[in-house]
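Take a look at the structure below.
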Amino acid sequence: MIHVRKIAHAVYETPDLARLIAYHSEVLGLTLVEQDKDAAYLASTLEHHSVVLRRGAEARCVRIGFQIAPDDDLGEFERQVQGHGIKTERKRDADPTIAEMVSFADPKGTVMEVFKRGEFAGQRFQTRGIVPHKLGHVAFHVADVKGITRFYCDVLGFRESDWMADYFSFLRCGPDHHTINLINTGKTRLHHTAFELRDWAHLQTACDYLSLNGYPLIWGPGRHGIGHNLFAYHRNPDGLITELFAELDQMKDEALGYFEPRPWHRDRPQRPKVWAKDPSAANLWGIMPPDEMMK
Ligand SMILES: [Fe+2]
């Protein structure tokens, strides 16, 4: 089976394109690489774009891009998807630097854009804003967590990293503990988008920078139990939640089957599991998420 290797980009619609471009470039510190009347492409490091913003009626995440390996066959991947009875579309030059992609919808309607990275861009080290390493993961409210988790595993080749009870799944497609997470709330929309920072010091600077720019935290800083990442959450100007994180668990060797050991782990070794619905799964440091996090 061909499985996707990493998250490449996320595409958002926004009623106020200029305001969201300003947030992503000036506050988050991504590089505005390309812009036209209806869309903007923002990059972090190697890729031409990690975030695409498009004019739309409401603020929402509409598409997610995933890369397969250079030696993988895109046609074979497409047949693999079709083998699950899923309708696919082949697009040429749909986005800059992506010559060919296979697109199809996941069960909740988010469009998957799967491609081989042929061209790298390469951004300079930005000197303003938070400047994350990369887009880390995208989390969604869903109505059928079991079915959609199965879709990501069976169709795209994700693995289950952890579950919180039976309602919150954390799925990996590479070494990072999660790239997609799905919480069963009966709704169908974005929960949050997460960007990776260097370390705790970077997170501290980011929190101060957010505060100076009028973006108060809504939860954190803390350390999640599941994934063990340091976290701090705020809302972007469209009201969508952004997480900044560091020190996320890594499964460096799938054959070993456990996450890289860390002193803050409770399990030795720390293997994928079902966590009880316990405060420590949410925040090892003890402060529980406010209701705001579920709005
Ligand atoms: Fe997260």
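Read the numbers this way: they start at 1 and go in the same order the structure lists the ligands and their atoms.
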For His192 and Tyr233, I'd like to know if the aromatic rings sit close, meaning centre-to-centre distance below 6.0 Å. yes

Can you tell me how far apart NZ (Lys116) and CD (Gln67) are? Round to the nearest 0.5 Å. 11.5 Å

Report the C-alpha distance between Glu243 and His234 in whole Å, list the side-chain angles of each, state the deciding distance to 0.1 Å, and finish with yes or no for side-chain hydrogen bond (donor to acceptor under 3.5 Å, both in side chains). CA-CA 7 Å; Glu243 175 188 9; His234 68 277; over 6 Å; no

I'd like to know if the side chain of His265 pairs up with that of Asp249 as donor and acceptor (distance under 3.5 Å, no hydrogens or angles considered). yes

Could you go step by step and tell me if Thr242 and Tyr23 meet the side-chain hydrogen bond (donor to acceptor under 3.5 Å, both in side chains) rule? CA-CA 11 Å; Thr242 300; Tyr23 163 80; 2.9 Å; yes

Are Asp267 and Lys273 within salt-bridge range, i.e. N to O under 4.0 Å? yes

Measuring from the Fe ion (ligand 1), count protein N/O/S atoms under 2.8 Å, please. 3

